[in-house]
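Here is the structure we will look at.
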Amino acid sequence: MEFIKSHGSYAHMKEMKRSRFSPALVKTLREKGILERVKPGLYRPVDIDDIPDVSIGFVDVSKAIPDGIIGLISALHYFELTTFNPSSIYLVVPHNKKVLPIEYPP
């Protein structure tokens with residue numbers, strides 16, 4: 001887990017393969033509940049300590065879609081400019097970018 005924590009608590013499968021992580025090891029760590037898949041090819045530890053629970057969904061989305069910008073009611077909620085708590089994170093992405101689906105958050 002030191003490898004993943006040294007990469008900002010998120011790691012892409014390409015990076016892990018370069019560092020001698022096998023796909024079987026990643027699968028085992030997921031089954032044991034140590035790693036969580038944010039989207040295909042992007043993983044993070046289940047017990048992240050350096051990110052507050054309130055913003056972990058925002059960080060997941062930002063890491064999964066680096067060209068996206070959190071916007072609309074999600075940004076208002078994050079900066080405490082509204083009392084409404086959205087059930088999804090609203091993300092603005094350039095129209096020419098292909099975005100793969102994220103498992104969580106919605």
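Residue numbers run from 1 in the order of the sequence given. The analysis underlying the following values was restricted to heavy atoms, covering all of them including side chains, and did not include hydrogens, waters or symmetry mates.
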In terms of hydrophobic clustering (I, L, V, M, F, W, Y; side-chain heavy atoms under 4.5 Å; direct or indirect links), are V92 and V99 co-clustered? no
At what distance, to the nearest 0.5 angstrom, does CG of L42 lie from NZ of K14? 12.0 Å
With a 4.5 Å limit on heavy-atom distance, are the side chains of V38 and K63 in contact? no
Is the shortest heavy-atom distance from the side chain of L25 to the side chain of M16 under 4.5 Å? no
So if you build clusters from Ile, Leu, Val, Met, Phe, Trp, Tyr with side-chain heavy-atom gaps below 4.5 Å, do F79 and I69 land together? no
Which atom of Y10 lies closest to which atom of E15, heavy atoms considered: O-OE1, 4.5 Å
Within the structure provided, determine whether I70 and Y78 are in side-chain contact (heavy-atom separation under 4.5 Å). no
Between K17 and P23 the two heavy atoms that sit nearest each other are CE-CG, 3.9 Å
Closest approach of S74 and S88, non-hydrogen atoms and distance? OG-O, 3.5 Å
To the nearest 0.5 Å, what is the distance between NZ on K27 and CG on L35? 14.0 Å
Contacts of type salt bridge (charged side-chain N to carboxylate O under 4.0 Å, His left out), residue K98, not counting sequence neighbours: none
Considering all heavy atoms, the nearest H77-F84 contact: ND1-O, 3.4 Å
To the nearest 0.5 Å, how far apart are CG in L29 and CD1 in I4? 7.0 Å
Check whether more than 12 heavy atoms from other residues, nucleotides or ligands sit under 6.0 Å from atom CD of E80, and answer yes or no. no
Taking all heavy atoms of G68 and all of L91, pick out the closest pair and write down the distance. C-CD1, 3.9 Å
If two hydrophobic side chains count as joined below 4.5 Å and joins carry through other members, does V61 share a cluster with V46? no
Relative to the ring of F3, is the ring of F21 parallel (under 30°), tilted (30 to 60°) or perpendicular (over 60°)? tilted
Given the rule in the side-chain contact (heavy atoms from CB on, under 4.5 Å) test, do I56 and R44 qualify, once you have shown the distances and angles that lead to the verdict? CA-CA 11 Å; I56 194 127; R44 70 171 173 85; 3.9 Å; yes
How long is the span from the CD1 atom in I89 to the CD1 atom in I73, to the nearest 0.5 Å? 13.0 Å
